[in-house]
Novice: 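Sharing a structure with you now.
FYI, the numbering just counts along the sequence from 1. Predicted model, so just to flag it, every value in this text is computed and none were measured.
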Amino acid sequence: MTLRHSAAGIEVLPRQFPTNRGGLCQKGWTAAELLDHPDRLTTPLLRDRPGGELRPASWDEALDRIAAGIRTVQAGHGRDAVAVFGGGGLTNEKAYALGKFARVALRTRHIDYNGRWCMSSAAAAGLRSFGVDRGLPFPLADLGRADTLLLVGANPAETMPPLMRHLADQRRRGGRLIVVDPRLTATARQADLHLQPLPGTDLAVANALLHIALTEGWVDREYVAARTTGFDDVRRTVAGYWPAEVERLSGVPVADLEATARALGTAGSAVILTARGAEQHAKGVDTVSAFVNLALALGLPGRPGSGYGCLTGQGNGQGGREHGQKADQLPGYRRIDDPAARTHVAGVWGVDPDELPGPGVPAYQLLESLGTADGPKALLVFGSNPVVSAPRAAHVESRLRDLDLLVVADFLLSETAALADVVLPVAQWAEEDGTMTNLEGRVLRRRALREPPPGVRTDLAVLAALAHRLQAGAPSYRLSHSRGPLLTPAAGFPTDPREVFEELRRASAGGPADYAGVTWDRIDGAEGVFWPCPDVDGPDSPRLFADSFPTPDGRARFHPVTHRPAAEQVCADYPLHFTTGRVLAQYQSGSQTRRVAALRRAAPDAFVELHPDLADRLGVADGEQVRVVSRRGELCAAARLSPGIRPDTVFAPFHWPGAARANSVTNDAVDPVSGMPEFKICAVRVEKR
């Protein structure tokens, strides 16, 4: 999009660009309304005592309070007693600075972010199969070239509307769209074929599709032999996934499984895409791996118009996880436990590699440990609202209340900020420069249109000011370098985003997500720059895997995976499956979108979607209030009857707080590899209120 000042204020205008081609959803068109919203925070807020009211404070008072609290907590409990929680909507520069701040200024291992709940399962599966995690390893326009497009657990018509223009291209070319989703979503209504499995059975469906492809001779054996390893183990595993057995398990008819496998196996070009519906499970990594196995067996990755990809869920869902917000990573998508990576990044930061902390723990494990005997006693939150977005949210809320110090940087008083001891008002998207990286790995520029309001600072300025205070108050926070002079943290935390990006380039150089050849000027002169891009004068990488994979031997890896039940099974007391998702007019925790009048009119309240047959058994009419109860909590909202949902499944969007909070119900079981919670299925009962 493009912004401009007008007599009416700031206007959002369409811009022809390869990814969205001038299209925005309603959330994008109305985004400028938040810039001067009456709820906008323009002064720091401070709580003088636990349980007291937040009051206005000066920046010096607020920052001094934070620095003193950090020093007290770390003096009493060690460096890891302070934690940082970031967000997938932060710019690359802010994500990078936040990771550096945690490891250098705080010297804590405890940092993670809400993107852990977004694409972590697909990221882990991509890394172990392809050697790299990039949402789409090909340009988005390839979707329009696919003869067959399989969307698994994705509803872009509501979650990413501009992407539908590429799907329209595909349909105009005569392409076939197949959607796998327990609900008849707005996207599924446009599909040629809709597979409606029981939540949590996507892995079995993928293995059945590969079973059929093997039986029918659609596997690209030349590709498998030349470009992959491990296929024999997968072939033996999927041999047991007979279509009839998978129909019994998932509810997907054999005829639909066969039609899907045929559409993929006989297509000249095909793309398989997964999203949160397949990934937000305690077996999310294995589920994605099953679809990656299918793509590899059909010879799709690396071919124009074909491949496997993952749809992002946040504004900087790709870039936000590349430069240090994740508990196990350093900039450039380097592993924090890799000695060579530690040496390289420490050299850029001017510290001794041995001073860098080790890996932390994934997001939910971190939040669950807050305020406990062995967990962090202080938390700094940037760009996230876990009181609404975390699984088992009531428990997370209680953990936040047990902290000695909770600091939230935001531009609105979110539900998490309302619990904080200190709230810092920070700039919005139109008030600071920076870069974002989209699902294609295309690095984009975000330009400031105006200065932040008086009293508001940028996140980079906040981090620099805190680093300065921590160094001034405790000499042990000084940065050291075995080959150079001592530096101060303030010097290591510039407030100019261009300067931060230049440092990010050096820190990422040689890593999987190499930005060394990406400059702001180069981005401005093109339609973004695709990573990896190691050389300023060299090409970028819009398409990966054409000749080889970034693995030690250049081959992709198959991984045999088997279906296992959801972490929580239905029973007499909780006989229904519960799943969550988004609606078109709201976004994430809803803290922003619920304040926009047009969006509030379009989607004013939460709801519980029920099949009419289920509603009839419960004696519930459309619009009546119902209670959804799990072993962890409950939500209350109006019933919305729809024949497009399975009769054994209940759906609710997760954008609302309070009594309608869907994540009061969701399960906190996590994937053992990615740390992804099982948002998409748990056992519930529904009661008429």
Novice: What closest approach, in Å, do P534 and A516 show between heavy atoms, and which atom pair accounts for it?
Specialist: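 P534 and A516 have their closest heavy atoms at O-CB, 3.6 Å.
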
Novice: Evaluate E503 against K100 for salt bridge (Lys or Arg N to Asp or Glu O under 4.0 Å), listing each step before the verdict.
Specialist: CA-CA 11 Å; E503 185 180 308; K100 180 181 177 182; 2.7 Å; yes

Novice: Just jot down the salt bridge (Lys or Arg N to Asp or Glu O under 4.0 Å) partners of R342, sequence neighbours excluded, or say none.
Specialist: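 Salt bridge (Lys or Arg N to Asp or Glu O under 4.0 Å) list for R342, sorted by chain: empty.
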
Novice: Among all residues two or more places apart in sequence or in another chain, which pass the side-chain contact (heavy atoms from CB on, under 4.5 Å) test with A275?
Specialist: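 In terms of side-chain contact (heavy atoms from CB on, under 4.5 Å), with neighbours along the sequence ignored, A275 is linked to A154, L311.
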
Novice: Please check if the side chain of S674 supplies one atom and the backbone of M676 the other of a donor-acceptor pair under 3.5 Å.
Specialist: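 The answer is yes, because a donor-acceptor pair under 3.5 Å joins these two groups.
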
Novice: So, using salt bridge (Lys or Arg N to Asp or Glu O under 4.0 Å) as the criterion, who are the partners of E397 when residues are at least two apart?
Specialist: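 E397 satisfies salt bridge (Lys or Arg N to Asp or Glu O under 4.0 Å) with R401, R661 once adjacent residues are dropped.
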
Novice: According to the salt bridge (charged side-chain N to carboxylate O under 4.0 Å, His left out) rule, which pairs have a member within residues 308-331, sequence neighbours left out?
Specialist: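 Qualifying pairs, neighbours excluded: D133-R321.
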
Novice: Show the nearest heavy-atom pair for residues G315 and Y587, with the distance to one decimal.
Specialist: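 Heavy atoms only, the tightest pair is N-OH, 3.4 Å.
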
Novice: Quick check: closest heavy atoms across L63 and A465, and the distance to 0.1 Å?
Specialist: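 Between these two residues, the closest heavy atoms are CD1-CB, 3.7 Å.
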
Novice: Please report the interatomic distance CG(L463) to OG1(T458), rounded to the nearest 0.5 Å.
Specialist: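 Going from the CG atom of L463 to the OG1 atom of T458 covers 8.5 Å.
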
Novice: Taking only residues two or more places apart in sequence or in another chain, which ones pass side chain to side chain donor-acceptor pair (under 3.5 Å) with E158?
Specialist: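 So E158 forms a side chain to side chain donor-acceptor pair (under 3.5 Å) with N155.
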
Novice: Keeping S121 on the side-chain end and E279 on the backbone end, is there a donor-acceptor pair under 3.5 Å?
Specialist: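 Answer holds: yes.
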
Novice: May I ask you to check whether W520 and Y515 place their ring centres under 6.0 Å from each other?
Specialist: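 Aromatic pair excluded; centres sit 6.0 Å or further apart.
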
Novice: Does any N or O in the side chain of T43 come within less than 3.5 Å of the main-chain N or O of A57, such that one atom is a donor and the other an acceptor?
Specialist: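 Between the backbone of A57 and the side chain of T43 there is a qualifying donor-acceptor contact (under 3.5 Å).
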
Novice: Between the main-chain N or O of P362 and the side-chain N or O of D112, is there a donor-acceptor pair closer than 3.5 Å?
Specialist: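 Not at all, since once roles are kept as given, no pair shorter than 3.5 Å links the two residues.
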
Novice: For the pair I111 and F101, evaluate side chain to side chain contact (heavy atoms under 4.5 Å, CB included) and give the outcome as yes or no after the intermediate values.
Specialist: CA-CA 10 Å; I111 177 172; F101 177 82; over 6 Å; no

Novice: Return the minimal non-hydrogen interatomic distance between V583 and A603, and the atom names on each side.
Specialist: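 Residues V583 and A603, closest heavy atoms: CG2-CB, 4.3 Å.
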
Novice: Would D521 and R445 pass as an ion pair if we require N to O under 4.0 Å?
Specialist: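 Here D521 does not pair with R445 in a salt bridge, since their nearest N and O are not under 4.0 Å apart.
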
Novice: Check whether any side-chain N or O of R594 sits under 3.5 Å from a backbone N or O of G590 as a donor-acceptor pair, and report yes or no.
Specialist: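 Looks like yes, one N/O pair under 3.5 Å.
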
Novice: Which residues pass the side chain to side chain donor-acceptor pair (under 3.5 Å) test with D36, not counting sequence neighbours?
Specialist: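 Only R450 meet the side chain to side chain donor-acceptor pair (under 3.5 Å) criterion with D36.
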
Novice: Nearest 0.5 Å, please: how far is CG in L400 from CG in L367?
Specialist: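 Result: 6.5 Å between the selected atoms.
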
Novice: Run the salt bridge (Lys or Arg N to Asp or Glu O under 4.0 Å) check on R107 and D80 step by step: do they pass?
Specialist: CA-CA 8 Å; R107 294 194 292 174; D80 291 339; over 6 Å; no

Novice: Could you give me the CA-CA distance, side-chain angles and deciding distance for V518 and I523, then say whether side chain to side chain contact (heavy atoms under 4.5 Å, CB included) is met?
Specialist: CA-CA 7 Å; V518 184; I523 298 171; 3.7 Å; yes

Novice: Rounded to the nearest 0.5 Å, how far does CZ of R543 lie from CZ of F138?
Specialist: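 The CZ atom of F138 sits 8.5 Å away from the CZ atom of R543.
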
Novice: When you compare the side chains of Q586 and T593, does any donor N or O come within less than 3.5 Å of an acceptor on the partner?
Specialist: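 There is such a pair between these side chains.
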
Novice: Is there a donor-acceptor pair closer than 3.5 Å between any side-chain N or O of R505 and the backbone N or O of F501?
Specialist: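 Checked: no pair found.
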
Novice: Do Y308 and T274 have a side chain donor and acceptor closer than 3.5 Å?
Specialist: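 Result is yes, a qualifying pair exists.
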
Novice: So, D540 side chain and W531 main chain: donor-acceptor pair closer than 3.5 Å or not?
Specialist: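 Side chain of D540 to backbone of W531, a donor-acceptor pair under 3.5 Å: no, none is there.
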
Novice: Do N114 and Q314 pass the side-chain hydrogen bond (donor to acceptor under 3.5 Å, both in side chains) test, and can you show the C-alpha distance, the side-chain angles, and the key distance before you say yes or no?
Specialist: CA-CA 10 Å; N114 63 17; Q314 295 193 68; 2.9 Å; yes

Novice: For N663, what residues pass the side chain to side chain donor-acceptor pair (under 3.5 Å) criterion, not counting sequence neighbours?
Specialist: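 With sequence neighbours excluded, N663 shows a side chain to side chain donor-acceptor pair (under 3.5 Å) to T666, given in chain and number order.
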
Novice: Give the C-alpha distance, both sets of side-chain angles, the deciding distance and a yes or no for side chain to side chain contact (heavy atoms under 4.5 Å, CB included) between R109 and V361.
Specialist: CA-CA 8 Å; R109 70 186 180 96; V361 297; 4.0 Å; yes

Novice: Considering non-hydrogen atoms only, spot the tightest contact between G284 and D671 and give its length.
Specialist: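 Looking at all heavy atoms of both residues, the shortest contact is N-OD2, 3.0 Å.
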
Novice: Relative to each other, are the rings of F679 and W117 parallel, tilted or perpendicular (30° and 60° limits)?
Specialist: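 Geometry flag for W117 against F679: perpendicular rings.
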
Novice: Is there side-chain contact between R457 and W59, with at least one heavy-atom pair below 4.5 Å?
Specialist: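 When only atoms from C-beta onward are counted, W59 and R457 do touch, with a gap below 4.5 Å.
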
Novice: Taking salt bridge (Lys or Arg N to Asp or Glu O under 4.0 Å) as the test, write out the residues that go with D421, two or more places apart.
Specialist: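 Testing D421 for salt bridge (Lys or Arg N to Asp or Glu O under 4.0 Å), a comparison that skips the adjacent residues, returns none.
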
Novice: Tell me whether S369 contacts the main-chain N or O of L366 through its side chain, where contact means a donor paired with an acceptor under 3.5 Å.
Specialist: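 Yes; at least one donor-acceptor contact below 3.5 Å.
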
Novice: Roughly how far, to the nearest 0.5 Å, is CE of M164 from OG1 of T159?
Specialist: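 Reported to 0.5 Å precision, the distance equals 9.5 Å.
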
Novice: Applying side chain to side chain donor-acceptor pair (under 3.5 Å), can you list everything that pairs with R522, at least two apart in sequence or on another chain?
Specialist: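 Result, side chain to side chain donor-acceptor pair (under 3.5 Å) vs R522: none returned.
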
Novice: Please tell me whether Y113 and F85 form a close aromatic pair, meaning their ring centres lie under 6.0 Å apart.
Specialist: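 No, the ring centres sit 6.0 Å or more apart.
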
Novice: Donor-acceptor pair, H655 side chain versus Q588 backbone, under 3.5 Å?
Specialist: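 Yes, because the side chain of H655 sits within donor-acceptor range (under 3.5 Å) of the backbone of Q588.
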
Novice: Look at the side chain of R595 and the backbone N and O of R40, then say whether any donor-acceptor pair between them is shorter than 3.5 Å.
Specialist: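 No; zero donor-acceptor contacts below 3.5 Å.
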
Novice: Evaluate the side-chain hydrogen bond (donor to acceptor under 3.5 Å, both in side chains) criterion for residues S591 and N385: first the C-alpha distance (whole Å), next the side-chain angles of each, then the deciding distance (0.1 Å), finally the verdict.
Specialist: CA-CA 8 Å; S591 178; N385 187 17; 4.7 Å; no

Novice: Once side-chain contact (heavy atoms from CB on, under 4.5 Å) is applied, do any residues pair with N438, and if so which ones, sequence neighbours excluded?
Specialist: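 Scan of N438 (side-chain contact (heavy atoms from CB on, under 4.5 Å), adjacent residues dropped) gives T19, E440, R442, L444.
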
Novice: Listed by chain and number, what are the side-chain contact (heavy atoms from CB on, under 4.5 Å) partners of A95, not counting sequence neighbours?
Specialist: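 A95 satisfies side-chain contact (heavy atoms from CB on, under 4.5 Å) with Q325 once adjacent residues are dropped.
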
Novice: Begin from the C-alpha positions of R334 and Q329 and carry the test side chain to side chain contact (heavy atoms under 4.5 Å, CB included) through to its verdict.
Specialist: CA-CA 6 Å; R334 289 181 162 90; Q329 287 182 0; over 6 Å; no

Novice: Listed by chain and number, what are the side-chain contact (heavy atoms from CB on, under 4.5 Å) partners of A417, not counting sequence neighbours?
Specialist: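 For A417, the residues satisfying side-chain contact (heavy atoms from CB on, under 4.5 Å) (neighbours in sequence not counted) are V408, L413, S414, V423.
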
Novice: Salt bridge or not between R498 and E93? Use side-chain N to carboxylate O under 4.0 Å.
Specialist: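 E93 and R498: not salt-bridged.
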
Novice: Can you tell me how far CG of N316 sits from CH2 of W429, rounded to the nearest 0.5 angstrom?
Specialist: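 Atom-to-atom, W429:CH2 and N316:CG are 15.5 Å apart.
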
Novice: State the CZ-CE distance between R134 and M119, to the nearest 0.5 angstrom.
Specialist: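 Atom-to-atom, R134:CZ and M119:CE are 11.5 Å apart.
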
Novice: Less than 4.0 angstrom from a charged side-chain N to a carboxylate O is my criterion; do D433 and R447 meet it?
Specialist: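 Salt bridge between D433 and R447, a charged N being under 4.0 Å from a carboxylate O: no.
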
Novice: Can you see which heavy atom on P425 is nearest to which on L41, and at what distance?
Specialist: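 What the structure gives for the nearest pair is CB-O, 3.4 Å.
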
